K.L.:
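Let me give you the structure first, and then I'll get to my questions.
Chain identifiers are assigned alphabetically (A, B, ...) following the order of the sequence lines, protein sequences preceding nucleic acid strands; residue numbering begins at 1 within each chain. As the structure is a prediction and not an experimental result, all values here were calculated from the model.
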Amino acid sequence: MRKFFIGFAFVSLLIAGVLSYFASGDPDGLDKTVEDTGIAEHAQEHPFAGSTFADYAFGGDDKFTGLAGVLGVVVVLAVSFGLFWFLRKKSDA
Amino acid sequence: MHMSDGLLNAPVSVVFLVVAAVGVGFALVKARADLDDRTAPMAGLVATFVFAVQMINFPILPGASGHLLGGALAAILVGPYVGALCVTIVLVVQALLFADGGLTALGANVTNMALIGTAAGFLVAVALRKLALRGKGGLAAVAFVSAFVNTLLAATGFVVEYAIGGAGGVEIGKVALLMWGLHALIGIGEGLITAATVTSVAAIRPDLVHLLKGGAKPLEVRS
């Protein structure tokens with residue numbers, strides 16, 4: 001049980017921390033659609049565009065994508081585990 | 001598939017913030033029944049995995065890429081309600097921490113990827129459940145098809161939202177054709193990743209695969 005959970009978390013860390021450097025930088029399907037149709041001209045800059053980890057970088061430097069990925073993994077795990085543990089049916093003690 | 005602010009007009013953005021809030025609220029209420037001491041940690045790990053894999057854009061055409069949405073994957077592993085919450089958490093963290101996906105657009109993004117995608121993926125998976133129970137090949141096929149439909153319907157969500165109140169007045173047929181064409185390709189990637197993930201989990205811990213346990217409700221054992 002514990003081994004499986006630790007393994008699953010490790011795989012996520014590896015993907016976000018290492019494999020993320022090999023991700024394609026091309027626009028995704030929605031971005032491509034709005035770019036090719038001109039809809040993208042109406043896009044507003046993100047209110048947090050200047051924040052530390054914006055665009056999965058660190059201070060705008062995407063050499064740190066892996067670091068941003070690891071941070072994201074830790075934050076998503078903490079938030080989701082916290083929420084789901086709180087929501088769960090308590091086993092009868 | 002994270003849209004920025006400004007692609008939809010303000011009233012439509014607000015409408016979908018409300019739609020998303022109602023949907024996520026409903027999922028919060030219904031999720032309790034699917035969460036216990038074993039499935040709660042699993043759900044946290046599924047959300048984390050979806051976040052990680054969403055970082056990996058894979059090429060689909062020269063100049064275009066795609067990434068996992070994760071709704072079908074999450075629904076098959078932890079059920080539709082918990083699954084919708086998993087994807088929602090990922091989208092909220094991406095918007096707030098990584099400036100990925102707009103803030104007023106968050107409602108539409110949650111509606112498309114967390115609600116529509118997850119619901120569509122789950123409904124297809126449940127419809128094909130008999131096949132999924134037949135073994136690894138069956139489960140892989142069901143995961144693939146569910147994930148493919150999840151991607152196409154989430155993309156359709158954007159098409160509908162744009163038709164109701166998109167900026168720029170681009171002909172809707174053009175938007176739909178591009179979205180569906182590109183997401184048919186992305187859906188193949190989504191299907192392959194989902195099939196690989198679900199069959200890997202099922203090989204080690206079949207008891208943690210929600211779809212294999214018997215739909216939304218666990219089967220009652222009568223003694």
K.L.:
Is A/L13 in contact with chain B via its backbone, its side chain, both, or neither, using a 4.5 Å heavy-atom distance?
P.N.:
neither
K.L.:
Side chain, backbone, both or neither: which part of A/V70 has an atom under 4.5 Å from a heavy atom of chain B?
P.N.:
neither
K.L.:
With chain B, which of A/G69, A/S24, A/A16, A/G7 has the greatest number of heavy-atom pairs at distances under 4.5 Å?
P.N.:
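Heavy-atom pair counts peak at A/S24.
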K.L.:
Using 4.0 Å as the upper bound for N to carboxylate O, is an ion pair formed by B/R38 and B/D207?
P.N.:
yes
K.L.:
Taking the six-membered ring for Trp and the single ring otherwise, decide whether the centroids of A/H46 and B/H2 are under 6.0 Å apart.
P.N.:
no
K.L.:
Considering all heavy atoms of both residues, which atom of B/D34 and which atom of B/T39 are nearest to each other, and what is their separation?
P.N.:
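Scanning both residues completely, I find the closest heavy atoms to be O-OG1, 2.9 Å.
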K.L.:
Which of the residues B/G63, B/A167, B/A47 is involved in the greatest number of heavy-atom pairs with chain A at under 4.5 angstrom?
P.N.:
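Counting heavy-atom pairs under 4.5 Å, the top option is B/G63.
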K.L.:
Check whether any side-chain N or O of A/R88 sits under 3.5 Å from a backbone N or O of A/W85 as a donor-acceptor pair, and report yes or no.
P.N.:
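At least one qualifying donor-acceptor pair exists.
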K.L.:
If you take all heavy atoms of B/A114 and B/T88, which pair is closest and at what distance?
P.N.:
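Closest heavy-atom pair between B/A114 and B/T88: CB-OG1, 3.3 Å.
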K.L.:
Under 4.0 Å between a Lys/Arg side-chain N and an Asp/Glu carboxylate O for A/K32 and A/D28?
P.N.:
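No, no charged N to carboxylate O under 4.0 Å.
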K.L.:
Apply the test side-chain contact (heavy atoms from CB on, under 4.5 Å) to residues B/D5 and B/L103: give CA-CA distance (whole Å), side-chain angles for both, the deciding distance (0.1 Å), then the verdict.
P.N.:
CA-CA 7 Å; B/D5 291 333; B/L103 298 187; 4.3 Å; yes
K.L.:
Please state whether the side chain, the backbone, both or neither of B/S4 comes within less than 4.5 Å of a heavy atom of chain A.
P.N.:
side chain
K.L.:
Check whether A/S51 gets within reach of chain B through its side chain, its backbone, both or neither, counting any heavy atom under 4.5 Å.
P.N.:
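Just the side chain, heavy atoms under 4.5 Å.
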K.L.:
Can you say whether B/V170 sits under 4.5 Å from chain A via the side chain, the backbone, both, or neither, judging by heavy atoms?
P.N.:
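The side chain, not the backbone.
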K.L.:
Please flag which part of B/L182 lies under 4.5 Å from any non-hydrogen atom of chain A: side chain, backbone, both or neither.
P.N.:
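B/L182 touches chain A through side-chain heavy atoms alone.
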K.L.:
Quick one: which of B/P59, B/A31, B/G101 has the most heavy-atom pairs under 4.5 Å with chain A, could you say?
P.N.:
B/G101
K.L.:
Side chain, backbone, both or neither: which part of B/I204 has a heavy atom under 4.5 Å from chain A?
P.N.:
side chain
K.L.:
Less than 4.5 Å to any heavy atom of chain B: does that hold for the side chain of A/A49, its backbone, both, or neither?
P.N.:
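Contact with chain B involves the backbone of A/A49 alone.
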K.L.:
Is A/T65 in contact with chain B via its backbone, its side chain, both, or neither, using a 4.5 Å heavy-atom distance?
P.N.:
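For A/T65, heavy atoms of backbone and side chain both lie under 4.5 Å from chain B.
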K.L.:
Less than 4.5 Å to any heavy atom of chain A: does that hold for the side chain of B/L185, its backbone, both, or neither?
P.N.:
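Answer is neither: B/L185 stays 4.5 Å or more from chain A.
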K.L.:
With distance as the sole test, does B/Q54 use its side chain to make a donor-acceptor pair with the main-chain N or O of B/H67 at under 3.5 Å?
P.N.:
no
K.L.:
Of the backbone (N, CA, C, O) and the side chain (C-beta and beyond), which part of B/V93 lies under 4.5 Å from a heavy atom of chain A, both, or neither?
P.N.:
side chain
K.L.:
When only pairs under 4.5 Å are counted, which of B/L178, B/T48, B/V90 shares the most heavy-atom pairs with chain A?
P.N.:
B/T48
K.L.:
Hey, which of A/S20, A/A43, A/G72, A/A9 has the most heavy atom pairs under 4.5 Å with chain B?
P.N.:
A/G72
K.L.:
Any chance the side chains of A/D62 and A/Y56 put a donor and an acceptor closer than 3.5 Å?
P.N.:
no
K.L.:
Please flag which part of A/P27 lies under 4.5 Å from any non-hydrogen atom of chain B: side chain, backbone, both or neither.
P.N.:
both
K.L.:
Tell me, for A/V34 versus chain B, whether the close heavy atoms (under 4.5 Å) come from the side chain, the backbone, both or neither.
P.N.:
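For A/V34, the side chain is the part near chain B, not the backbone.
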K.L.:
Does any backbone or side-chain atom of B/F49 lie under 4.5 Å from a heavy atom of chain A? Answer side chain, backbone, both or neither.
P.N.:
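For B/F49, backbone and side chain are both near chain A.
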K.L.:
Taking A/S12, A/A23, A/A57 one by one, which has the highest count of heavy-atom pairs under 4.5 Å against chain B?
P.N.:
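Among the listed options, the one with the most contacts to chain B is A/S12.
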K.L.:
Is there a donor-acceptor pair under 3.5 Å between the side chain of B/K174 and the backbone N or O of A/T37?
P.N.:
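Between the backbone of A/T37 and the side chain of B/K174 there is no qualifying donor-acceptor contact (under 3.5 Å).
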K.L.:
When the ring centroid of B/F122 is compared with that of B/Y81, is the distance short of 6.0 Å?
P.N.:
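Not under 6.0 Å, so no.
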K.L.:
Heavy-atom pairs under 4.5 Å with chain A are the metric here; pick the option from B/L45, B/D36, B/L96, B/V201 that has the most.
P.N.:
B/L45
K.L.:
Which region of B/L8, side chain (C-beta onward) or backbone (N, CA, C, O), has a non-hydrogen atom less than 4.5 Å from a non-hydrogen atom of chain A, or is it both or neither?
P.N.:
neither
K.L.:
By a 4.5 Å heavy-atom criterion (distance strictly below it), what part of B/V82 contacts chain A: side chain, backbone, both, or neither?
P.N.:
both
K.L.:
Does A/F58 have more than 12 heavy atoms from other residues, nucleotides or ligands lying within 6.0 Å of its CZ?
P.N.:
no
K.L.:
Any donor and acceptor pair, going by atom type alone, linking the side chain of B/T194 with main-chain N or O of B/G191 inside 3.5 Å?
P.N.:
no
K.L.:
Identify which part of B/L177 has an atom lying under 4.5 Å from any heavy atom of chain A, answering side chain, backbone, both or neither.
P.N.:
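For B/L177, there is no contact with chain A at all, as no heavy atom is under 4.5 Å.
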K.L.:
Which atoms of A/Y21 come close to chain B, meaning under 4.5 Å heavy atom to heavy atom: side chain ones, backbone ones, both, or neither?
P.N.:
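Neither part; nothing is under 4.5 Å.
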K.L.:
If only atom types and distance count, is the side chain of A/T52 paired as donor or acceptor with the main-chain N or O of A/G59 below 3.5 Å?
P.N.:
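Looks like no, no N/O pair under 3.5 Å.
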K.L.:
Between B/M3 and B/F158, does a side-chain contact (heavy atoms from CB on, under 4.5 Å) hold up when you go through it step by step?
P.N.:
CA-CA 9 Å; B/M3 69 178 99; B/F158 173 73; 3.4 Å; yes
K.L.:
Cut-off 3.5 Å, side chains only: do B/E161 and B/N112 have a donor facing an acceptor?
P.N.:
yes
K.L.:
Heavy-atom distances under 4.5 Å only: say whether A/A40 touches chain B with side chain, backbone, both or neither.
P.N.:
backbone
K.L.:
Non-hydrogen atoms of chain A under 4.5 Å away: do they reach the side chain of B/I186, the backbone, both or neither?
P.N.:
side chain
